[in-house]
Amino acid sequence: MNNHKEYEHPQNTEGLFVFEDNPLLRAGLKMSHLRMLVMIEEHGQVSAAAAAMNMTQPAASRMLSEMEAIAKSPLCRRASRGVVLTKFGEALAKRARTILLELREASRELNQMKSGSGGSVYIGAVTAPAISLVVPAIRRAMDTYPGIEINVQVESSNILARELLAARHDFIIGRIPDDLDPSLFSIHEIGIERACLIVREGHPLLSRKPVALKDLSAYDWVFQPPGALLRRTMEDVFLAHGVAMPRNIINTPSVVLTLALVCNTNAIAPIALDMAEFVAAQQAQIGKTRVLPTEFDLNVKPYSIITTKGRVLPPSARLLYDLVLEESRKLTTEVQFASTSPAQSFVA
């Protein structure tokens, strides 16, 4: 008689229950639905969301209808310029971002395990801290964390904040745009941005020190696109002093084109002081720019190191985050020391 008994291992059915009994999944909710909802929230238009996902607008509209049928609630409503999410849509979109972010992190972790690398980091920064904070932090990170891969995007805060919400960056260094909800982010103010005006070497205005604002309107100007923070700052200076804005303006987001125009014409351009000093130190023709001393300061809004609220940074991103914070403290000390000197200050 065989008394041998086979014992089955007890199964943990709790997780299984969560997924099998989830009404949204049973009703057919897919990852593509979640991506579409996030894209609609991000772009504010079904057509733009469709383009971002490489599909036609009718297909995107059908997908939206599917989601509303699955959720048994309206997720969007028409607005004057496209669509906005309802309270149901906002709730689902918030969870969708978290799910998509976790999948992205899982993919990164698996790829790092396969390659044996030190991890990858995705960050964004506006121009000034990209030069003064990110570059020295990267130099230290490469020594501390062999094999680390660092991806850096230098752009305006308007673009970077949206890239962060779309989980394309681990963190950014910039500012929260006025049209985004600050509660979506964790913000740590870390620095001031010094700005200045630059002109070419030998510019007629360099013979006048310092230059009054009324002397500048007659010249051509190279500005960032309308709405950019540094441009708004300069416009506010003109308005506050009752001086007319320049008549001849060239708009471009390109720093390289800005420098090329300044070097080859009598145009004036406002840029970050860190960038101006970096360029002026170069030996090439593009380095033949000079900071124009003025009777006024350019007070630029402080920038912050920003993450998506509730997100836990992977180790490699945490390392670079901490290094940027350390560099910001060093820079703050240097700026405070410089502000006590008799030289003219462009400190914001």
Side-chain angles (χ1 to χ4, degrees), residues 42 121-139 141 150-180 182 184-198 222-237 251-259 262 269-280 289 291 297-308 313 317 320-332 334-335 346-348:
E42 185 172 326
V121 188
Y122 296 80
I123 68 172
V126 293
T127 302
I131 294 174
S132 60
L133 300 181
V134 175
V135 170
I138 287 176
R139 186 172 59 246
I150 301 173
N151 305 272
V152 184
Q153 179 185 20
V154 178
E155 259 295 355
S156 67
S157 292
N158 284 339
I159 293 176
L160 293 177
R162 288 168 170 79
E163 294 283 281
L164 180 65
L165 285 178
R168 299 188 185 103
H169 291 310
D170 293 307
F171 64 89
I172 63 171
I173 307 170
R175 305 163 184 92
I176 303 300
D178 294 336
D179 61 337
L180 292 183
L184 298 173
F185 305 94
S186 293
I187 305 168
H188 185 124
E189 188 174 305
I190 58 171
I192 53 179
E193 182 168 2
R194 298 173 292 172
C196 66
L197 303 181
I198 58 168
V222 185
F223 272 126
Q224 294 79 16
L229 180 61
L230 186 51
R231 178 186 179 128
R232 295 204 316 264
T233 300
M234 194 66 239
E235 290 171 342
D236 289 343
V237 170
N251 300 316
T252 176
S254 170
V255 175
V256 173
L257 182 58
T258 297
L259 294 172
V262 167
I271 69 171
L273 183 58
D274 290 317
M275 173 60 79
E277 292 175 340
F278 174 78
V279 171
T289 59
V291 174
D297 293 337
L298 290 181
N299 300 307
V300 184
K301 182 180 177 181
Y303 52 79
S304 302
I305 187 166
I306 306 168
T307 59
T308 305
L313 294 177
L320 196 60
Y321 182 101
D322 291 339
L323 289 175
V324 168
L325 282 180
E326 289 181 24
E327 293 297 330
S328 72
R329 295 186 188 106
K330 291 181 188 177
L331 188 61
T332 298
E334 293 172 5
V335 170
F346 291 95
V347 176

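Summarising the geometry, atom CZ belonging to F171 is positioned 11.0 Å from atom CD1 belonging to I306; distances are rounded to the nearest 0.5 Å. Taking CE of M275 as the reference point, atom CG of L273 lies at 11.5 Å (rounded to 0.5 Å). To the nearest 0.5 Å, atoms CD (Q224) and CG (L229) are separated by 9.0 Å. To the nearest 0.5 Å, atom CG of residue N158 and atom CZ of residue R175 are 10.5 Å apart. How far CG of L184 is from OG1 of T307: 11.5 Å, rounded to the nearest 0.5 Å. Here the straight-line distance linking atom CD of E193 with atom OG of S132 works out to 8.5 Å at 0.5 Å rounding.
The heavy-atom pair separating L298 from C196 by the smallest distance is CD1-N, 3.8 Å. Across A276 and V291, no two heavy atoms sit closer than the pair CB-CG2, 4.0 Å. Of all the heavy atoms in P270 and L230, the pair that sits closest is O-CD2, 3.4 Å. Here the shortest heavy-atom pairing between A125 and V134 reads CB-CG2, 4.1 Å. Nearest heavy-atom pair, H169 versus G124, reported as atom, atom and distance to 0.1 Å: ND1-N, 3.9 Å. Between I187 and P182, the shortest heavy-atom distance links the atoms CD1-O, 4.4 Å.
For Y122, the ring-ring contact (aromatic ring centres under 6.0 Å, His included) test picks out no residue, with sequence neighbours left out.
Checking side-chain atoms of R231 against main-chain N and O of F223 turns up no donor-acceptor pair under 3.5 Å. The backbone N or O of I172 lies less than 3.5 Å from no partner atom in the side chain of Q153, so there is not a single donor-acceptor pair.
Checked for salt-bridge contact, E326 and R329 miss the test: no charged N lies under 4.0 Å from a carboxylate O.
Counting only residues at least two apart or in different chains, salt bridge (charged side-chain N to carboxylate O under 4.0 Å, His left out) contacts with residues 157-167 comprise R162-D179, E163-R168.
Contact check for L133 versus I305: no side-chain heavy atoms found under the 4.5 Å cut-off. A 4.5 Å side-chain heavy-atom check between T252 and V222 finds at least one atom pair inside the cut-off. Side-chain atoms of F278 and V135, non-hydrogen and from C-beta on, never get closer than 4.5 Å to each other.
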Report task. Determine, stepwise, if the pair V154 / T127 fulfils side-chain contact (heavy atoms from CB on, under 4.5 Å). Result -> CA-CA 6 Å; V154 178; T127 302; 4.0 Å; yes
Requested in this report: Apply side-chain contact (heavy atoms from CB on, under 4.5 Å) to the pair V255 and V279, showing each step before the final yes or no.
Outcome: CA-CA 11 Å; V255 175; V279 171; 5.9 Å; no
Report task. Would you check, one step at a time, whether the test side-chain contact (heavy atoms from CB on, under 4.5 Å) holds for I123 with I173? Result -> CA-CA 8 Å; I123 68 172; I173 307 170; 5.5 Å; no
Requested in this report: Start with the C-alpha gap between L320 and L313, add the side-chain angles, then the distance that decides, and say whether side-chain contact (heavy atoms from CB on, under 4.5 Å) holds.
Outcome: CA-CA 10 Å; L320 196 60; L313 294 177; over 6 Å; no
Report task. For E235 and R232, run salt bridge (charged side-chain N to carboxylate O under 4.0 Å, His left out): C-alpha distance rounded to whole Å, both residues' side-chain angles, the deciding distance at 0.1 Å, then the answer. Result -> CA-CA 5 Å; E235 290 171 342; R232 295 204 316 264; over 6 Å; no
